2 protein chains.
Amino acid sequence: MTLLVRTDYPDPLWLQAVDVIRRDVADGRLPVGSRLPPERELCEALSISRVTLRKALARLVDEGVLRSSHGRGWFVASGGGTDWPNSLESFSETADRMGLRASSRILRQEIVPATIDEAEELSVAPGSPLFHLERVRLLDDVPVAMDDSRVPAALVPGIEHIDFGLASLYERLASEGVDPHRADSTIEARSADDSLATHLSVQPGTPVLVMHQLVVDSLEHPVLASTIRYAGERYRLRTAFARSQKADHR
Amino acid sequence: MTLLVRTDYPDPLWLQAVDVIRRDVADGRLPVGSRLPPERELCEALSISRVTLRKALARLVDEGVLRSSHGRGWFVASGGGTDWPNSLESFSETADRMGLRASSRILRQEIVPATIDEAEELSVAPGSPLFHLERVRLLDDVPVAMDDSRVPAALVPGIEHIDFGLASLYERLASEGVDPHRADSTIEARSADDSLATHLSVQPGTPVLVMHQLVVDSLEHPVLASTIRYAGERYRLRTAFARSQKADHR
DNA sequence: GGTAGCAAGAGGTATTTACAAACTCGAAAC
DNA sequence: GTTTCGAGTTTGTAAATACCTCTTGCTACC
């Protein structure tokens with residue numbers, strides 16, 4: 001605990017205390033399961049009052065870093081800090097959580113006329129311009145998924161000139177006033193075909209997780225259809241489902 | 001604000017204050033968007049100190065009931081932001097939609113002591129009795145999935161004698177006052193091992209969709225852990241994700 | 001040898017007090 | 001007429017203090 005909190009810093013003292021303790025946990029100076037010094041000692045060590053310290057500790061409980069035991073002390077929570085998304089965890093959120101770097105490799109980016117099937121799914125006229133974006137998604141330069149997205153070109157003028165190696169498709173849609181509201185999805189397990197296996201650097205036939213999503217705005221207009229194929233050994237979807245009372249699993 | 005907090009009640013004052021304010025909001029005495037009296041007035045009205053009141057207010061922010069504006073006051077938050085209608089189509093709903101008949105074949109139904117891992121996941125003591133239910137789920141007598149569920153036996157007395165070829169696990173839990181509230185889930189693609197392949201009547205190595213769920217009640221107590229393995233060629237999860245507009249609290 | 005009870009140490013709750021920072025609004029200055 | 005300033009109000013942060021409850025371990029008693 002070398003760092004102290006400083007009154008001449010702009011951040012509130014309790015936030016500085018949060019950072020100090022969180023860092024000590026992350027660096028292993030406070031191993032998982034270990035007990036922290038008593039509150040009164042921590043106060044002295046950090047030169048803050050007990051109220052301020054307890055505000056910091058409360059935040060760390062919220063973050064799942066610590067837990068308290070009445071009469072016994074403060075303990076570093078087990079690393080399984082179940083930090084569940086309340087919707088589907090996005091690719092970059094997964095990367096953040098695992099401390100990895102997310103990136104993309106563009107395979108295809110063009111505007112083509114919509115086929116009958118595409119037109120039907122996205123509620124546009126057959127032959128109307130459709131933006132195709134095909135990317136390999138990587139975590140720390142390891143290919144993890146193939147993302148094939150289609151957007152009606154009319155929604156985002158000039159979309160074919162955006163560099164999606166850097167830009168986020170969702171952010172671009174949002175900046176054009178497109179408001180993703182719901183994503184109707186199907187999820188299934190398939191075998192990798194030769195083409196997919198090549199792009200993901202896996203053996204043909206290995207299991208892949210195929211998620212197809214149709215994203216609609218608040219007026220139920222389709223704005224994006226995407227198919228993401230995840231290498232089964234390299235990715236795991238995380239989400240939280242609300243259980244309606246009538247859901248029966250007979 | 002008719003009710004007061006009382007020092008001679010067992011609940012902490014700040015918790016009583018939370019209840020009072022939450023009730024006022026629920027009853028419409030504090031309409032959505034309205035401003036609360038200043039903290040100092042609330043302190044006096046509730047006969048508690050400002051620190052105690054602020055602890056209550058902080059909790060209500062966590063619950064999404066209130067929000068504060070520096071220099072302006074406290075406001076009742078719009079209730080419609082925090083809903084997360086992520087839903088997952090259940091096995092029997094899928095059967096209904098496709099006009100098929102859902103059934104189960106029991107492989108294993110017994111009470112065994114919880115292992116360390118199981119105990120940790122379900123927040124019970126290691127060695128405490130755990131109900132294991134292993135079933136093959138069929139659609140029109142075709143095996144489609146293998147369901148392995150674990151429930152703390154204390155939740156449903158006599159659970160080991162129920163015929164789950166007919167009864168619904170969720171209905172049984174509900175009838176015992178267990179209220180499934182949320183299911184934290186991971187979904188991945190794997191290859192079928194020999195045992196699974198036999199039960200599902202597929203070739204070993206074919207892709208399977210593995211969904212693991214931890215179901216918790218409204219108090220965040222785990223009530224059920226289940227792993228369902230779907231034959232990739234025979235089943236497709238259908239779900240709707242809400243795109244959360246939520247900001248991070250960093 | 002077992003058990004009840006006490007005391008020390010830990011977190012939990014609550015009060016009082018003080019000052020800082022952000023917002024509102026009206027009055028004065030230009 | 002517009003801007004600027006400042007007083008007043010309100011939330012945000014922080015300290016010092018007191019006492020309660022729970023856990024643990026030791027001690028003394030039976």
Side-chain angles (χ1 to χ4, degrees), chain A residues 1 3-21 24-25 30 33-77, chain B residues 1 3-22 25 30 33-77 125 247 249-250:
Chain A
M1 192 92 59
L3 293 171
L4 285 180
V5 300
R6 308 186 42 160
T7 10
D8 54 345
Y9 273 25
D11 281 351
L13 298 185
W14 65 266
L15 240 180
Q16 295 184 48
V18 167
D19 288 338
V20 169
I21 299 175
D24 280 356
V25 171
L30 292 171
S34 65
R35 214 197 80 177
L36 275 67
E39 292 182 2
R40 280 137 179 115
E41 279 182 33
L42 276 176
C43 297
E44 208 170 343
L46 294 167
S47 315
I48 58 178
S49 76
R50 188 149 164 252
V51 181
T52 307
L53 173 67
R54 283 179 60 80
K55 178 150 189 173
L57 295 174
R59 164 59 67 96
L60 287 163
V61 169
D62 270 359
E63 293 183 6
V65 178
L66 300 181
R67 62 188 180 81
S68 71
S69 178
H70 195 168
R72 302 205 302 136
W74 288 88
F75 299 85
V76 179
Chain B
M1 192 91 58
L3 293 171
L4 284 179
V5 300
R6 307 185 44 159
T7 2
D8 54 346
Y9 273 27
D11 281 350
L13 299 185
W14 65 267
L15 241 179
Q16 295 184 48
V18 167
D19 288 338
V20 169
I21 299 174
R22 199 199 287 115
V25 171
L30 292 172
S34 66
R35 213 196 84 177
L36 275 68
E39 291 182 2
R40 269 113 179 147
E41 281 182 33
L42 278 175
C43 296
E44 207 171 343
L46 294 167
S47 314
I48 58 178
S49 75
R50 190 157 159 246
V51 179
T52 306
L53 172 67
R54 283 180 60 81
K55 178 150 187 172
L57 295 174
R59 163 62 66 94
L60 288 163
V61 168
D62 271 358
E63 294 182 7
V65 177
L66 300 181
R67 63 189 179 79
S68 72
S69 179
H70 196 167
R72 302 206 305 137
W74 287 88
F75 300 85
V76 179
H249 39 208
R250 198 175 303 238

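As the structure is a computational prediction, the values presented were derived from the model and not from experiment. To find a chain, count down the sequence lines: A is the first, B the second, and so on, and within it residues start at 1.
The side chain of A:Glu39 lies closest to C:dG12, out of D:dA14, C:dA10, C:dG12. Distance from the side chain of B:Arg50 is smallest for D:dT13 among the nucleotides C:dG12, D:dT13, C:dA14. For A:Trp14, the listed nucleotide lying nearest its side chain is D:dA14; candidates were C:dA22, C:dG11, D:dA14. In the set D:dA15, D:dT10, C:dA14, C:dA14 carries the atom at the smallest distance from any side-chain atom of B:Pro12.
Between B:Leu46 and B:Leu13, every side-chain heavy-atom pair lies at or beyond the 4.5 Å cut-off. Between B:Lys55 and B:Arg59 the shortest side-chain heavy-atom distance does not fall below 4.5 Å. At least one side-chain heavy atom of B:Asp62 sits under 4.5 Å from a side-chain heavy atom of A:Asp62.
Rounded to whole angstrom, the span from the CG atom of B:Asp11 across to the P atom of C:dG12 amounts to 16 Å. Between B:Arg54 atom CZ and C:dT16 atom C1' the separation is 15 Å, expressed in whole Å. Atom pair A:Leu53:CG and C:dA10:C1' shows a separation of 13 Å (rounding to whole Å applied). Separating the CZ atom of A:Phe75 from the P atom of D:dT23 is a distance of 12 Å, rounded to the nearest angstrom. The distance between atom CZ of A:Arg59 and atom P of D:dA14, rounded to the nearest whole Å, is 13 Å. Across the protein-nucleic acid pair, A:Gln16 atom CD and D:dT13 atom P stand 13 Å apart, rounded to whole Å. Between A:Arg40 atom CZ and C:dG11 atom C1' the separation is 7 Å, expressed in whole Å. Taking atom CD on B:Glu41 and atom C1' on D:dG8, their separation rounds to 14 Å, with Å as the unit.
Residue B:Arg72 places at least one side-chain N or O closer than 4.0 Å to OP1 or OP2 of C:dT24. The shortest distance between the side-chain N/O atoms of B:Ser69 and the OP1/OP2 oxygens of D:dT10 is not below 4.0 Å. Contact check, B:Lys55 against C:dA14: no side-chain N or O comes under 4.0 Å of OP1 or OP2. Taking 4.0 angstrom as the limit, A:Trp74 places none of its side-chain polar atoms (N or O) nearer than this to OP1 or OP2 of C:dA10. Taking 4.0 angstrom as the limit, B:Ser68 places a side-chain polar atom (N or O) nearer than this to OP1 or OP2 of D:dG12.
Residues A:Ala17 and A:Ala56 share a closest heavy-atom pair of CB-CB, 3.8 Å.
A donor-acceptor pair under 3.5 Å links the side-chain atoms of B:Arg35 to the main chain of B:Arg72, judged by distance alone.
Across all strands shown, A:Arg67 has no heavy atoms under 4.0 Å from either base or sugar-phosphate atoms.
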